[in-house]
> 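Mind having a look at this structure? Questions to follow.
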Amino acid sequence: MKIAVHNLLSCGGCDPVFFLEESPEFFRKAEVIFWNKVKDETLKVFRKIPDQGIEIGFLCGAVKSPEHEEVVRLFRRKCRTVVAVGACALWGGIPGLLWIRKEGPRPLSSLVVPDLSIPGCPPEGSTWTVYLQGLLSGRPPGPSEEPVCQECPRDRHPFRLSDFKRFPETEPESRGCYLSLGVFCAGAVTQKGCGARCLRAGYPCLGCYGPPAGLTARGERLLSAMVSALVPQKATEALKNWRDPAGSLYRFDLATHPLVRKGKCGRSD
Amino acid sequence: MRKIRLETVSRIEGALSLEIKVDSRDNLAGISWKTDLFRAFESLGVGRPLEEMPFLTARICGICAEAHHLASLQAAEEGLGISPPEGIRKIREAFGLISWLRDHLTVLLLFSGPDLESFPSPDSLSWLEKTGLWDLFLENRKHLRRMLEIVGGRGHLALGGIPGGWGKKISSEERKELGERNERVLLLARKTWELYWEKTVSQPFLWPVQSPLVALSPEGSEVLVLPPGKNKPLRFPLSRFYETLVESEEGSFLKRINLPPFGAYLVGPLARFYLFPSPDFPLSREAHQALKNIGEPDLSRASLFRAYEVLWAAERLKHLLPELPINHSLSFAPLKPVRKQGLGAFEAPRGLLLHHYTFDLDAVIKTVKIITPTAQNLGVISDCVPRFWPYWPLTEEKNLLFEIQRFIRTFDPCVPCMVHLLRNRSPRDSSPEKEGQRKIF
Ligand code: SF4
Ligand code: SF4
């Protein structure tokens with residue numbers, strides 16, 4: 001099986017190098033046509049490959065420069081299946097926060113339609129395996145409809161809030177759902193699949209697996225859930241003191257927000 | 001004048017292209033670097049809560065994410081005026097060592113491995129298969145991923161660090177598991193060292209180092225600088241060293257760091273070897289002795305020093321693991337800065353890494369400055385190319401490009417880490433007057 005791999009605007013952390021150990025047989029049998037991490041080949045060679053001549057092309061990272069755009073279009077032309085890997089490719093990722101200053105990158109899907117999208121910043125090994133095996137067996141999975149809360153070890157119960165908190169301001173050993181502690185945990189508006197990794201390491205979910213299937217305006221929904229839990233007399237004060245709204249609500253996917261797409265996102269938004 | 005273009009330097013972290021200008025007599029007339037990996041982390045950190053910086057900045061580099069996590073944590077803690085308890089410090093050290101091991105082994109066995117062969121080199125996967133280390137390498141990647149998961153909560157881009165504490169507890173079964181897995185890592189570390197020793201030691205000296213070597217002192221409060229030809233390092237307080245550095249732009253968006261009055265300097269395994277004391281562990285002590293006997297610092301053998309560090313890190317980890325606290329209690333530092341800024345330093349796999357933040361009274365970030373190992377090494381890379389140019393094969397373009405890439409790879413450069421320069425806002429720009437004012441002496 002001929003494969004190609006490339007990193008666009010990314011930290012390199014979603015690169016399939018990290019998944020070698022998850023799918024050794026796949027990589028052993030694969031004929032790597034282009035992948036600058038393991039092979040001394042340039043795009044020159046890749047351009048000469050006949051259209052549709054490569055079975056699977058893996059693309060990681062977001063799109064910012066004309067060179068990125070060229071590579072994405074090239075991959076779509078040369079590869080029968082294009083797999084987008086990681087939060088930057090899917091939604092712009094953390095660098096998408098630059099849209100607050102009107103200069104961020106765009107997700108890969110703004111240029112071409114990938115055949116498979118593997119979520120996560122980075123995807124967990126188990127997620128990679130499920131998606132790759134699904135693809136190879138002809139049943140590629142899509143995003144889950146269920147949120148990270150399904151996998152979270154913290155206790156959920158009804159709550160009211162008098163303020164928003166930053167997570168180090170909570171009681172360190174508390175076991176309650178972060179939302180009930182006033183912390184903007186993105187788990188409720190993020191698709192499950194990671195095993196609630198960050199929650200098990202003492203962090204709230206920061207939302208790297210993206211929205212569950214069918215959920216739109218995830219940030220606004222999280223905000224609405226938090227605001228409706230505020231006791232009315234404290235609401236104005238809490239909202240006034242709240243720092244980093246865009247980062248809390250759209251840490252990994254601001255680049256896909258309708259305001260960004262319409263060119264209306266800036267500091268004042 | 002002819003131009004030689006290389007679209008992508010292969011087998012390094014990130015995409016970097018090169019353009020080399022050669023005059024009619026085959027002299028090097030200029031070399032320029034280009035990358036489109038600029039993600040402005042120094043800009044996107046602004047306005048974010050301090051406690052999120054360790055998580056955010058881990059996304060600067062997928063390969064040495066844990067190093068950024070730790071340097072960021074330290075910068076935050078310095079600003080908050082706290083230092084974590086002994087047990088937490090040990091967990092963090094173990095975390096750093098595991099990520100060192102994964103990073104170095106990946107670089108040695110995937111990126112630079114084929115450079116041990118002559119041109120044209122095989123691709124990494126077939127080379128690894130040929131060495132007989134493929135299965136052991138993949139097995140160990142699994143071990144190291146699981147070890148990071150145990151210590152840092154995630155197997156990749158691990159987290160865990162919270163100012164004042166560590167969020168991931170370790171159970172006694174997990175600690176035992178860490179020890180068992182590390183035994184297998186130690187086996188691969190030994191084999192990797194042997195392989196590199198056998199293939200490298202008999203090679204002639206090619207690229208002697210003529211720049212100062214720089215590393216963080218083992219206790220972390222000072223920076224050691226060893227000028228060329230000297231035996232005893234100069235010692236500088238960390239903050240003074242940082243204040244002295246001069247930043248400029250090299251190529252498009254690449255950050256280059258100079259240390260007045262020396263100019264370019266080298267960080268990383270080779271520098272650490274000459275600046276750190278010899279180790280107390282049996283295998284790495286033996287390797288250290290052997291390396292000492294081979295002579296002066298030479299860049300063509302940089303990978304050998306990396307292989308030595310793999311051995312050292314696995315042995316250090318073996319001694320450290322039994323001391324990790326079991327199910328430590330969680331603690332968070334109050335988000336009340338006692339200083340307006342914080343500076344964090346960590347010896348990342350590629351060398352000294354610095355994070356500097358300023359923040360407001362609510363611990364929200366105002367400015368971010370990140371000095372990566374590759375940015376520090378860029379000066380040496382750029383200055384050495386003209387020096388070594390006459391020794392490279394100029395007649396065959398393919399061969400020449402291979403040699404240049406091989407040379408670049410000895411520094412184990414990381415492109416995502418290089419590109420954080422923000423234009424028009426550097427208090428440490430590289431005007432000659434400012435360089436003069438900022439001499440470290
Ligand atoms: S909102 Fe967060 S803390 Fe609460 S259950 Fe969901 S993932 Fe867990
Ligand atoms: S808990 Fe949230 S931020 Fe952490 S890995 Fe899962 S989806 Fe990503």
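Every chain is numbered from 1, with letters handed out A, B, ... down the list of sequences.
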> I'd like to check A/Trp35 versus B/Asp123 (side-chain heavy atoms, cut-off strictly below 4.5 Å). Are they in contact?
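They are not in contact (no side-chain heavy atoms under 4.5 Å apart), so the answer is no.
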> Which atom pair, heavy atoms only, marks the closest approach of B/Gly153 to A/Ala201?
CA-CB, 3.8 Å
> Taking B/Leu159's backbone N and O only, do any of them form a donor-acceptor pair with A/Arg197's side chain (distance below 3.5 Å, no angle check)?
no
> Is chain A contacted by the side chain of B/Leu335, its backbone, both, or neither, given a heavy-atom distance below 4.5 Å?
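For B/Leu335, the contact with chain A is made by the side chain alone.
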> Identify which part of A/Leu199 has an atom lying under 4.5 Å from any heavy atom of chain B, answering side chain, backbone, both or neither.
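For A/Leu199, there is no contact with chain B at all, as no heavy atom is under 4.5 Å.
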> Would A/Arg243 and B/Asp360 count as a side-chain contact (heavy atoms from CB on, under 4.5 Å) here? Give the steps.
CA-CA 12 Å; A/Arg243 309 295 294 256; B/Asp360 66 16; 3.0 Å; yes
> Is the backbone N or O of A/Gly93 less than 3.5 Å from a side-chain atom of B/Arg59, with the two atoms forming a donor-acceptor pair by type?
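Judged by distance alone, no pair lies under 3.5 Å.
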> Quick one: CZ on B/Phe332 to OG1 on A/Thr170, what's the gap to the nearest 0.5 Å?
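One gets 4.5 Å once the value is rounded to the nearest 0.5 Å.
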> Between B/Phe402 and chain A, which part of the residue has a heavy atom less than 4.5 Å away: side chain, backbone, both or neither?
side chain
> Let me know if A/Cys88 has heavy atoms under 4.5 Å from chain B in its side chain, its backbone, both or neither.
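Neither part.
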> Which one, B/Ala363, B/Gly164, B/Gly155, leads in non-hydrogen pairs under 4.5 Å with chain A?
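Most pairs with chain A among the choices: B/Ala363.
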> Any side-chain heavy-atom pair from B/Leu125 and A/Leu20 closer than 4.5 angstrom?
yes
> To the nearest 0.5 angstrom, please state how far the CD1 atom of A/Ile94 sits from the CG atom of B/Leu44.
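Rounded to the nearest 0.5 Å, the CD1-CG separation comes to 7.5 Å.
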> For chain A, which of B/Ile162, B/Leu401, B/Thr106, B/Asn140 has the most heavy-atom pairs under 4.5 Å?
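Heavy-atom pairs under 4.5 Å are most numerous for B/Ile162.
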> Taking atom SG of A/Cys198 and atom NZ of B/Lys168, what is their separation to the nearest 0.5 Å?
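Output value for this atom pair is 13.0 Å.
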> Under 4.5 Å, counting heavy-atom pairs only, tell me which of A/Glu171, A/Arg251, A/Arg28, A/Glu103 racks up the most with chain B.
A/Arg28
> Heavy atoms, side chains only, cut-off 4.5 Å: are B/Val46 and A/Arg101 in contact?
yes
> Please identify, among B/Arg102, B/Glu149, B/Gln405, B/Arg145, the residue contributing the most non-hydrogen atom pairs under 4.5 Å to chain A.
B/Arg145
> Do side-chain atoms of A/Glu173 reach the backbone of B/Leu330 as a donor and acceptor pair under 3.5 angstrom?
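Yes; at least one donor-acceptor contact below 3.5 Å.
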> Can you tell if the side chain of B/Val364 reaches within under 4.5 Å of the side chain of A/Asp244, non-hydrogen atoms only?
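A side-chain contact is absent here, since even the closest heavy-atom pair is not under 4.5 Å.
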> If you tally heavy-atom pairs under 4.5 Å against chain A, which of B/Trp134, B/Phe137, B/Trp127 wins?
B/Trp134
> Is it the side chain or the backbone of A/Ser248 that comes within 4.5 Å of chain B heavy atoms, both, or neither?
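It is neither, since no heavy atom gets under 4.5 Å.
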> Hey, what do you get for CD1 (B/Ile63) to CG (A/Asp15), rounding to the nearest 0.5 Å?
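Reported to 0.5 Å precision, the distance equals 7.5 Å.
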> Would a 4.5 Å heavy-atom cut-off, applied to side chains only, mark B/Pro54 and A/Tyr203 as touching?
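Yes, at least one pair of side-chain atoms sits under 4.5 Å.
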> In terms of heavy-atom pairs under 4.5 Å, which option from A/Glu169, A/Arg166, A/His6 contacts chain B the most?
A/Arg166
> Is it the backbone or the side chain of A/Cys208 that comes under 4.5 Å from a heavy atom of chain B, or both, or neither?
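Side chain only.
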> Just so I know, are the side chains of A/Phe27 and B/Leu138 near enough to count as touching, which here means a heavy-atom distance under 4.5 Å?
no
> If you count heavy-atom pairs within less than 4.5 Å of chain A, which of B/His156, B/Lys142, B/Lys169 leads?
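Most heavy-atom pairs under 4.5 Å with chain A: B/His156.
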> With respect to chain A, which residue among B/Arg141, B/Glu139, B/Glu52 yields the maximal number of heavy-atom pairs within a distance under 4.5 Å?
B/Arg141
